[in-house]
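What follows is a single structure, written as structure tokens, with notes after it.
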Amino acid sequence: MTIETPVKNRPHRDEAHLAGLNPAQREAAAFGLAAPHGWDADPLLILAGAGSGKTQTLSHRAAHLVLAGVDPRRILLLTFSRRAAEEMTRRAHTICDAALAERGRRRQSVKLPWAGTFHAIGARLLREYAPRLGLEPAFSILDRSDAADLMDVARHDAGLTRRDDPNAKRFPRKDTCLAIYSATVNRQARLVDVLDGYFPWCREHHDDLKRLFADYTARKQDRATLDYDDLLLYWQLVMREPALAAEIGARFDHVLIDEYQDTNGLQAAIISGLKPDGRGVTAVGDDAQAIYGFRAAEVDHILNFPKTFCGTHVVTLEQNYRSSQAILNAANALIGEASRAYAKQLFTERGPGTRPRHVTVMDSAAEARYVVDAVLARRETGVDLKRQGVLFRNGHHANELEIELIARNVPFKKYGGLKFLEAAHVKDFLGLLRWADNPRHEIAAWRTMQLVPGVGPGTARQAVDALTAGNDEIAVLADFRPARADQTAWRAMIDTVAAMVGDTADWPGVLVPAAAWYKTILRERYEAPTTAREADIDDLVRIAERYADVPAFLTELTLDPPQATGDHNDDALLDEDYLILSTVHSAKGQEWDSVHVLHVADGTFPSEFSTKTEAGLEEERRLLYVALTRAKNELQVISPLRYYVPEQPKYGDRHVYGAASRFFTPRVLACFEQVTDKSALPATSGIDAAGKPSADRPSLDLASAARSLWD
DNA sequence: TATTAGATGATTTTT
DNA sequence: TCATCTAATA
């Protein structure tokens with residue numbers, strides 16, 4: 001007897017490549033497709049819990065689309081980082097190749113989908129359509145600090161920093177101004193509402209801020225520069241123009257979006273613009289892992305996806321392949337206490353595993369020692385450093401750990417925190433390249449000029465004005481002779497930049513004199529040996545040489561900066577074993593055999609800035625949930641009793657005895673084994689475990705000394 | 001006008 | 001701690 005099934009659901013021998021997926025994953029990967037007969041594309045929402053094989057499923061779907069006959073170039077894959085985009089593209093490629101080989105066909109020629117972050121794809125589309133949008137195609141992209149500097153120039157020029165009345169409140173600093181601006185743009189909200197909701201202490205400056213932002217916007221346009229937010233904002237504006245939206249939307253048959261829970265209003269609007277009825281859209285995400293509220297992301301976009309696009313098919317992935325049951329229990333207990341119920345309950349078929357540990361230590365010094373000991377002990381049992389991860393809420397929470405790791409010769413790589421590109425000398429050199437790339441890039445020019453000894457803000461300002469008056473021809477600077485400046489260095493700067501400007505410049509050959517010029521500046525500037533800094537410049541040059549031209553290099557570097565310290569020269573490190581340190585945000589999508597979470601105390605986790613609102617607190621809970629669910633076999637959460645609070649200036653010691661994290665309720669704690677490090681036990685002498693004399697405790701605690709005899 | 005020293009205040013996570 | 005701003009000096 002045969003059972004009639006609709007053509008599009010009939011299993012097909014060509015689906016062999018989906019064999020490794022579980023039923024839910026397979027359903028998601030193959031939904032609406034009947035290879036090789038084409039596809040039918042109702043909107044698809046995949047709710048994928050932590051460790052449920054999301055990347056696997058999405059890359060299979062991409063591969064399946066291609067095998068079903070979709071042209072890869074008509075697929076748009078939007079991810080959260082470029083690393084994720086590359087990973088998925090690579091996997092999809094492998095799956096396709098294997099499937100084609102199976103069928104005895106030749107490997108397909110390399111056609112790549114459009115894959116990248118919203119920002120990167122936005123930049124690419126905007127450049128392409130620039131002529132039709134009244135945009136300079138060769139626009140430069142301002143990174144955060146360039147944008148802040150431009151904001152600062154506008155801020156000073158508007159006289160907002162003058163303080164006629166010394167008692168008057170100061171105008172917000174450049175970073176705050178930029179943050180307010182960014183929040184307003186990304187939330188698509190009115191300035192008043194953003195100020196009321198997120199920056200109440202700046203409310204009184206509403207009118208000045210409004211004027212400032214208008215000026216900032218005008219300056220960016222004059223200078224052919226776009227900031228990060230513009231990449232989304234402009235793209236979204238394009239999508240509001242029906243003809244253009246239809247044209248761009250028609251270029252893609254399928255739009256796959258990863259981490260949909262972290263999309264903001266602009267991004268959601270872009271998707272709606274591309275595919276108004278949602279046909280061809282696949283969104284993947286997990287509402288329990290929404291952690292980018294501060295970037296105006298709203299969980300509602302994923303929750304309301306089925307309402308926004310009617311006819312949405314929803315697939316839920318609940319089987320976790322990553323963590324042991326014991327770790328999953330802890331994570332489930334934590335998220336189970338959220339004020340909002342999450343739709344999924346993760347389960348695993350892996351064994352129970354060892355219970356996660358909750359370790360109490362004295363302070364961050366003890367924490368650092370404890371973690372290094374634990375990491376090295378794991379390595380002894382055969383868990384390589386690379387299979388271990390140390391996670392924390394803020395970049396600086398790992399500072400002491402870094403010192404300890406260096407002292408004990410443990411190699412590591414840190415994600416988040418101070419980045420390669422933020423080092424002053426790296427910024428200087430990039431500024432030079434940015435100026436050459438876009439002679440109208442006021443900030444880059446101004447910064448670069450001040451590198452010349454004897455040139456300060458005033459002189460640089462005048463030179464920039466002269467440059468603008470002279471139609472941005474570098475040559476006009478030759479007539480501008482700054483009185484106090486080192487004339488040789490000034491002349492050399494002009495020659496260096498002039499040689500780099502224009503299409504005729506010999507790339508990457510021009511990098512050599514540019515680096516040479518900057519190195520002379522470096523040596524004059526710093527008395528200490530500059531070899532380390534010079535090596536960084538050489539690294540930068542080596543990276544730059546891999547790109548076709550300056551704009552390509554700068555765009556890549558701005559949109560996808562090296563994530564880790566040491567990332568830029570990772571070729572040398574590649575086969576070595578090293579420990580990963582990462583902020584929880586940067587750890588999204590990653591996993592390790594053994595995970596150590598630092599500094600879990602009230603005030604840091606949850607962060608004290610987030611505890612004022614319910615939404616903020618819930619986001620912190622999800623952040624901790626993300627941290628816990630990174631672990632496969634072993635998990636340790638470390639809580640210092642006493643920690644450093646830079647925000648609270650106190651006389652003398654700024655350490656504070658903090659409360660335990662409010663997330664560790666009895667029900668959550670029950671999933672953990674309690675461990676107390678010896679540093680956190682009552683001291684048995686006048687010297688506490690940190691090695692410093694402690695004045696605030698009795699020099700001898702007879703009771704615990706007596707007890708410890710029996711330990 | 002450039003540079004330095006000292007005072008003052010603040011916030012974290014990232015494209 | 002760090003960035004920013006002001007005042008003093010060259």
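A note on names: the letters A, B, ... follow the listed sequences, proteins ahead of strands, and every chain is numbered from 1.
Nearer to the 5' terminus of DNA chain B, by closest-nucleotide assignment, is the contact made by A:Thr459 (compared with the other of A:Lys612 and A:Thr459).
Taking atom CG on A:Asp229 and atom P on B:dT14, their separation rounds to 16 Å, with Å as the unit. In this structure, A:His397 places its NE2 atom 16 Å from P of C:dT1, rounding to the nearest Å. For A:Glu259 and B:dT15, the CD to P distance is 12 Å, given to the nearest whole Å. In this structure, CZ of A:Arg170 is placed 14 Å from P of B:dA7, rounded to the nearest angstrom. Taking atom CZ on A:Arg144 and atom P on B:dT15, their separation rounds to 12 Å, with Å as the unit. At whole-Å resolution of the value, CD1 in A:Ile141 and C1' in B:dT14 are 16 Å apart. Rounded to whole Å, atom P of B:dG9 lies 18 Å from atom CG of A:Asp175. Summarising the geometry, the separation between NZ on A:Lys588 and P on B:dT14 is reported as 11 Å, rounded to the nearest angstrom.
At a threshold of 4.0 angstrom between heavy atoms, the contacts of A:Gln450 with the nucleic acid are absent. Backbone-only contact: A:Val455 has heavy atoms under 4.0 Å from sugar-phosphate atoms and none from a base. Backbone-only contact: A:Tyr292 has heavy atoms under 4.0 Å from sugar-phosphate atoms and none from a base. Nucleic acid contact for A:Arg82: none, since no nucleic acid atom lies under 4.0 Å from a heavy atom of the residue. Across all strands shown, A:Thr558 has no heavy atoms under 4.0 Å from either base or sugar-phosphate atoms. A:Asp143 comes within 4.0 angstrom of no nucleic acid atom, judged by non-hydrogen atoms across all strands.
Residue A:Ser586 places at least one side-chain N or O under 4.0 Å from the OP1 or OP2 atom of B:dT14. Residue A:Thr583 places at least one side-chain N or O under 4.0 Å from the OP1 or OP2 atom of B:dT14. Contact check, A:Thr176 against B:dT11: a side-chain N or O comes under 4.0 Å of OP1 or OP2.
A side-chain N or O of A:Thr558 and one of A:Arg434 form a donor-acceptor pair less than 3.5 Å apart. No side-chain donor-acceptor contact under 3.5 Å links A:Asp286 and A:Tyr342. A donor atom on one side chain and an acceptor atom on the other are found under 3.5 Å apart for A:Thr555 and A:Arg127. Side-chain N/O atoms of A:Ser182 and A:Arg187 include no donor and acceptor closer than 3.5 Å. Side-chain contact of A:Glu87 with A:Thr55: a donor-acceptor pair under 3.5 Å is absent, judged by distance alone.
Of the candidate nucleotides B:dT1, C:dC5, C:dT4, C:dT4 has the atom nearest to the side chain of A:Lys174. Proximity note for A:His156 (side chain, C-beta onward) versus B:dT11, C:dC5, B:dA2: the nearest is C:dC5. When the nucleotides C:dC5, B:dT15, B:dT14 are ranked by their closest atom to the side chain of A:Thr117, B:dT15 comes out on top. Closest to the side chain of A:Arg484, from the set B:dT12, B:dT14, B:dT1, is B:dT1. For A:His585, counting side-chain heavy atoms from C-beta on, the closest listed nucleotide (B:dT15, B:dT13, B:dT12) is B:dT13. Of the candidates B:dT1, B:dT12, B:dT15, B:dT15 carries the atom nearest the A:Arg295 side chain, counting heavy atoms from C-beta on.
Exactly one of A:Thr117, A:Asp258, A:Asp262 qualifies for a side-chain contact (heavy atoms from CB on, under 4.5 Å) with A:Phe80. That residue is A:Asp262.
In this structure, the aromatic ring of A:Phe294 is positioned over the six-membered ring of the base of B:dT13, centres within 5.5 Å and planes within 30°.
Comparing C:dT4 with B:dT13, their P atoms are spaced 15 Å from each other, to the whole Å.
Note that A:Arg124 lies in the cation-pi zone of A:Trp114, set by a 6.0 Å cut-off to the ring centre and a 45° limit from the axis.
For A:Arg393 against B:dT13, a side-chain N or O and a base N or O form a donor-acceptor pair under 3.5 Å.
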